[in-house]
Protein chains: 2
Amino acid sequence: MPVEPLSRPRIVAAAIDLIEREGADAISMRRIAADLGVGVMSLYNHVPNKATLLDAVAETVLSGIEFTDDPDADWTDRVRMQARAFRQIAHHYPRCTMVVVSRQLQSPAGMLPVERALATLRSVGFDGEEAVRILRMFIAYIVGSLLREVGVTPTFAPVHHSQVDIEKVDPVLFPETRSLAVELGACDHEAEFEFGMELLIQAIAGRLAGRGR
Amino acid sequence: MPVEPLSRPRIVAAAIDLIEREGADAISMRRIAADLGVGVMSLYNHVPNKATLLDAVAETVLSGIEFTDDPDADWTDRVRMQARAFRQIAHHYPRCTMVVVSRQLQSPAGMLPVERALATLRSVGFDGEEAVRILRMFIAYIVGSLLREVGVTPTFAPVHHSQVDIEKVDPVLFPETRSLAVELGACDHEAEFEFGMELLIQAIAGRLAGRGR
DNA sequence: GCGTGGCACGTACGGTGTACGTCCGTCAAT
DNA sequence: ATTGACGGACGTACACCGTACGTGCCACGC
């Protein structure tokens with residue numbers, strides 16, 4: 001039986017699968033090869049080294065983003081949709097998120113979202129420099145949010161939902177932290193993300209209005 | 001001559017030093033021990049394992065933040081100062097930044113900035129829930145910004161200041177990216193950070209005003 | 001004097017990424 | 001049909017990693 005021949009996409013897929021099953025730390029060339037039922041060194045016929053394999057993982061994950069842009073919609077809705085699409089990767093590939101954000105890559109997969117966002121911002125009336133700045137700000141916010149989301153479940157450890165043991169914090173040194181312990185302990189990532197995003201949209205909308213005068 | 005006895009702070013300092021000199025990837029218990037002129041296993045008398053050593057690194061770096069809070073200043077200035085203080089770590093310890101943000105820790109070092117920020121926000125009039133949300137948004141933005149700043153110099157590689165080879169991008173597929181290549185290539189991190197921060201402050205100021213009516 | 005406990009250290013084991021050489025199946029040119 | 005080249009799968013080997021474990025030293029309380 002001719003098993004599917006080894007190929008770069010198959011290797012990348014196996015890597016993603018392994019990361020999602022056992023976490024980013026568990027990944028190794030030997031484990032990937034074993035999962036594929038193949039010798040370790042065979043991988044190197046298709047991938048130059050581990051680092052570029054991880055780059056390929058990031059690129060593949062990123063290219064899985066589904067952008068459904070409606071040019072007729074309100075521009076704020078278009079921004080919302082694009083930001084949410086980006087965040088979706090954290091749900092589809094939670095364990096891969098750290099790999100993606102910790103590795104800046106220069107490829108069409110990373111450029112397409114950029115192109116879409118710039119087009120949207122420019123169509124609203126922002127000039128080039130502003131569009132780039134606003135985009136960078138959005139990306140920083142989204143990346144930071146994703147890091148928080150995945151950071152809270154590094155290994156899907158026992159729930160441990162409160163970051164800090166309430167009893168342990170000194171009420172005189174940290175009065176606010178103490179009194180807000182319950183709010184700090186719980187975190188509805190979805191709501192949190194939407195809250196910040198709305199604030200950002202509102203801020204750039206204000207900037208747009210102030211610019212029109 | 002009685003060389004300074006081995007101790008946890010000395011080990012942590014050596015680790016930070018090593019990371020700053022050779023990058024986060026170069027760190028290993030053997031290298032740290034060698035730098036200290038000491039056997040590898042001696043480290044384990046003061047540190048249970050590598051993971052908690054890195055936690056200690058993060059905590060030490062974080063506790064180096066200098067907060068100079070002026071309770072009489074305008075609250076927007078106080079927020080500005082706290083955000084900038086946080087970002088300072090990326091300048092003092094550029095190579096350590098990734099270690100810090102990729103590791104959520106629960107310790108006074110991580111809690112003090114939180115306490116300060118919450119106190120500031122509450123003093124302005126935000127209720128607990130809002131203060132936590134706003135703080136989380138700010139942290140997400142700052143962390144994302146720091147990641148961008150350190151990501152651009154992963155190994156202090158040859159300048160390589162333009163993320164993408166302008167010639168390589170297809171002008172029909174990526175018209176905006178192409179026409180904004182120069183803006184995308186250059187990035188004044190300081191200005192970029194300030195821009196986003198001002199937008200955020202403006203946004204929450206607007207929220208505060210709207211809340212007062 | 002004599003335990004005793006902390007600390008530095010060496011050795012060893014199982015893991016990692018990957019350089020290198022070898023083997024074999026396929027295909028082109030003779 | 002024979003030969004030659006070549007690409008891909010694979011095994012071996014090396015340097016390095018984190019760390020469990022045992023050994024020896026030295027300063028201390030009794």
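Just so we're on the same page: letters track the sequence lines, and every chain starts at 1. Note: hydrogens, waters and symmetry copies are ignored here, and every other heavy atom, side chains too, is used. What you see is a predicted model; the values in this text were computed from it and never measured.
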Which atom pairs link the protein and nucleotides 21-23 of chain C when you take only N or O atoms and keep those under 3.5 Å?
none

For the helix from C/dG1-D/dC30 to C/dT30-D/dA1, what is the angle between the axes at its two ends, each from 5 pairs, rounded to 10°?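 Rounded value for the end-axis angle: 10°.
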Sequence neighbours excluded, which residues qualify as salt bridge (charged side-chain N to carboxylate O under 4.0 Å, His left out) partners of [X]?
| X | value |
| --- | --- |
| B/Arg8 | none |
| B/Glu20 | none |
| A/Arg31 | A/Glu22, A/Asp35 |

What is the nucleic acid contact for B/Val38, judged by heavy atoms within less than 4.0 Å: base, sugar-phosphate only, or nothing?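 It contacts sugar-phosphate atoms only.
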Kindly state each residue pair satisfying salt bridge (Lys or Arg N to Asp or Glu O under 4.0 Å) with at least one member in [range], sequence neighbours excluded.
| range | value |
| --- | --- |
| residues 183-193 of chain B | A/Arg136-B/Glu192, B/Arg87-B/Glu190 |
| residues 54-68 of chain B | B/Asp55-B/Arg103 |
| residues 37-49 of chain B | none |

Here the distance between atom P of C/dC9 and atom CG of B/Leu6, to the nearest Å, is 8 Å
What pairs with B/Thr60 under side-chain hydrogen bond (donor to acceptor under 3.5 Å, both in side chains), at least two apart in sequence or on another chain?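 Applying side-chain hydrogen bond (donor to acceptor under 3.5 Å, both in side chains) to B/Thr60 gives none.
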Taking ring-ring contact (aromatic ring centres under 6.0 Å, His included) as the test, write out the residues that go with B/Phe193, two or more places apart.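 In terms of ring-ring contact (aromatic ring centres under 6.0 Å, His included), with neighbours along the sequence ignored, B/Phe193 is linked to B/Tyr141.
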Polar-atom pairs under 3.5 Å, protein N or O versus N or O of nucleotides 13-17 of chain D: list them with distances, or write none.
unit_1 : atom_1 : unit_2  : atom_2 : d
D/dC17 : OP1    : B/Ser28 : OG     : 2.9

Where A/Tyr44 and A/Asn49 come nearest, the two heavy atoms and their spacing: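 In terms of heavy atoms, the two residues are closest at CE2-CA, 3.9 Å.
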Is any side-chain N or O of A/Ser42 closer than 4.0 Å to OP1 or OP2 of D/dC10?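 Result: yes.
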OP1 or OP2 of C/dG6 less than 4.0 angstrom from a side-chain nitrogen or oxygen of B/His46, does that happen here? no
For B/Gln88, which residues count as a side chain to side chain contact (heavy atoms under 4.5 Å, CB included) partner, sequence neighbours excluded?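 For B/Gln88, the residues satisfying side chain to side chain contact (heavy atoms under 4.5 Å, CB included) (neighbours in sequence not counted) are B/His91, B/His92.
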